[in-house]
Amino acid sequence: QVQLVESGGGLVQAGGSLRLSCAASGRIVSINRMAWYRQAPGKQRELVAATTSGGSGNYADSVKGRFTISRDNAKNTVYLQMNSLKPEDTAVYYCNAFVLADPFSGKRWADYWGQGTQVTVSS
């Protein structure tokens, strides 16, 4: 019923910047929390940043001061601006959203995930 599509990943040198985007589509009634997670090889998936429609962003300590999460509610889109990138930021980044959708059985809240986008930071 709901799809999340990420874009903006790629290869960048240390110290550079990338801007990730995630657009939600489908039978969406409302979106509460939107977030970015990442998973590096051999490591568990971790929360990078999260935000609600009217709140400020919450960040992992490792990215605080370098990354900024924002959203455009009218477009059901969340962004992650990543500055001063480090090789340790290399991972697959996943978009997550807590969405009120209206399937045939009725409206209900559920978590949805994107397919992920690769971010590689070279030294």
Side-chain angles (χ1 to χ4, degrees):
Q1 296 296 118
V2 177
Q3 299 81 41
L4 304 180
V5 180
E6 303 103 331
S7 63
L11 175 64
V12 66
Q13 293 184 344
S17 298
L18 284 174
R19 182 178 174 87
L20 305 183
S21 300
C22 172
S25 62
R27 299 182 63 83
I28 298 170
V29 177
S30 181
I31 302 178
N32 187 291
R33 177 181 181 269
M34 301 190 81
W36 289 95
Y37 291 75
R38 68 185 181 187
Q39 187 167 23
K43 299 182 65 177
Q44 294 185 349
R45 187 174 299 186
E46 64 174 348
L47 176 66
V48 178
T51 185
T52 56
S53 60
S56 60
N58 296 307
Y59 302 90
D61 289 340
S62 60
V63 307
K64 196 170 300 182
R66 300 187 297 120
F67 291 9
T68 302
I69 188 170
S70 61
R71 61 189 288 181
D72 186 336
N73 293 324
K75 297 180 179 179
N76 290 328
T77 300
V78 64
Y79 306 93
L80 185 67
Q81 179 67 47
M82 304 184 293
N83 298 325
S84 301
L85 283 163
K86 305 175 181 179
E88 305 90 88
D89 296 318
T90 296
V92 177
Y93 284 71
Y94 296 90
C95 179
N96 169 263
F98 191 55
V99 180
L100 177 63
D102 63 341
F104 181 79
S105 59
K107 298 176 182 178
R108 60 188 62 188
W109 289 94
D111 264 314
Y112 293 89
W113 292 89
Q115 294 297 307
T117 184
Q118 177 71 48
V119 172
T120 303
V121 184
S122 62
S123 60

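Residues: numbered from 1 along the sequence shown.
- The CD atom of Glu88 sits 9.5 Å away from atom OG of Ser123, with the distance rounded to the nearest 0.5 Å.
- The main-chain N or O of Val121 is found under 3.5 Å from a side-chain atom of Thr90 such that the two form a donor-acceptor pair.
- Between atom CG of residue Leu18 and atom CD of residue Gln81 there is a gap of 8.5 Å, rounded to the nearest 0.5 Å.
- In the hydrophobic clustering of ILVMFWY residues, with side-chain heavy atoms under 4.5 Å counting as a link, Tyr112 and Ile28 come out together.
- Annotation for Gly9 and Leu20: closest pair N-CD2, 3.6 Å, computed over non-hydrogen atoms.
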Side chain to side chain donor-acceptor pair (under 3.5 Å) between Ser53 and Asn73, intermediate numbers included: CA-CA 7 Å; Ser53 60; Asn73 293 324; 5.0 Å; no
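- Residues Arg38 and Asp89 are paired through a salt bridge, judged by an N-O separation under 4.0 Å between the basic side chain and the carboxylate.
- Counting only heavy atoms from C-beta outward, the side chains of Ile69 and Val78 approach each other to under 4.5 Å.
- The line from CG of Asn96 to CD of Glu6 is 10.0 Å long, rounded to the nearest 0.5 Å.
- Counting only distance, with no hydrogens or angles, the side chain of Arg27 and the backbone of Asp102 share a donor-acceptor pair below 3.5 Å.
- Following chains of ILVMFWY side-chain contacts shorter than 4.5 Å, one can reach Val63 starting from Val12, so the two form part of one hydrophobic cluster.
- Of the inter-residue distances, the one linking Ser30 atom OG with Lys107 atom NZ reads 10.0 Å to the nearest 0.5 angstrom.
- Side-chain contact between Met34 and Asn76 is absent, with no heavy atoms from C-beta onward closer than 4.5 Å.
- Closest non-hydrogen pair, Leu4 versus Cys22, comes out as CB-SG, 3.9 Å.
- Atom CD of Gln39 is surrounded by more than 12 heavy atoms from other residues, nucleotides or ligands within 6.0 Å.
- Counted by atom type alone, Thr77 and Asp72 present zero donor-acceptor pairs between their side chains at under 3.5 Å.
- Across Ala49 and Leu80, no two heavy atoms sit closer than the pair CB-CD1, 4.1 Å.
- Heavy atoms only, all atoms of each residue included: Ile31 and Ala97 are closest at CG2-CB, 4.2 Å.
- Of all non-hydrogen atoms in Ala50 and Ala35, the two that sit nearest each other are CB-CB, 3.7 Å.
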Side chain to side chain contact (heavy atoms under 4.5 Å, CB included) between Met82 and Tyr93, intermediate numbers included: CA-CA 12 Å; Met82 304 184 293; Tyr93 284 71; 3.9 Å; yes
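- The cationic atom of Arg45 (NZ for Lys, CZ for Arg) lies less than 6.0 Å from the six-membered ring centre of Tyr94 and within 45° of the ring axis.
- Within the cation-pi definition used here (under 6.0 Å to the ring centroid, within 45° of the axis), Arg71 does not qualify as a partner of Tyr79.
- For Val5, the side-chain contact (heavy atoms from CB on, under 4.5 Å) test picks out no residue, with sequence neighbours left out.
- Hydrophobic clustering, with ILVMFWY side chains joined whenever heavy atoms are under 4.5 angstrom apart, groups Tyr37 together with Val92.
- Taking the six-membered ring where the residue is Trp, the centroids of Trp36 and Phe67 are separated by 6.0 Å or more.
- Note on Val29 and Trp109: same hydrophobic cluster, where clusters join Ile, Leu, Val, Met, Phe, Trp and Tyr whose side-chain heavy atoms are under 4.5 Å apart, directly or indirectly.
- Atom SG of residue Cys95 and atom CD of residue Gln115 lie 11.5 Å apart, to the nearest 0.5 angstrom.
- When all heavy atoms are compared, the tightest approach of Leu85 to Arg66 is CA-NH1, 3.9 Å.
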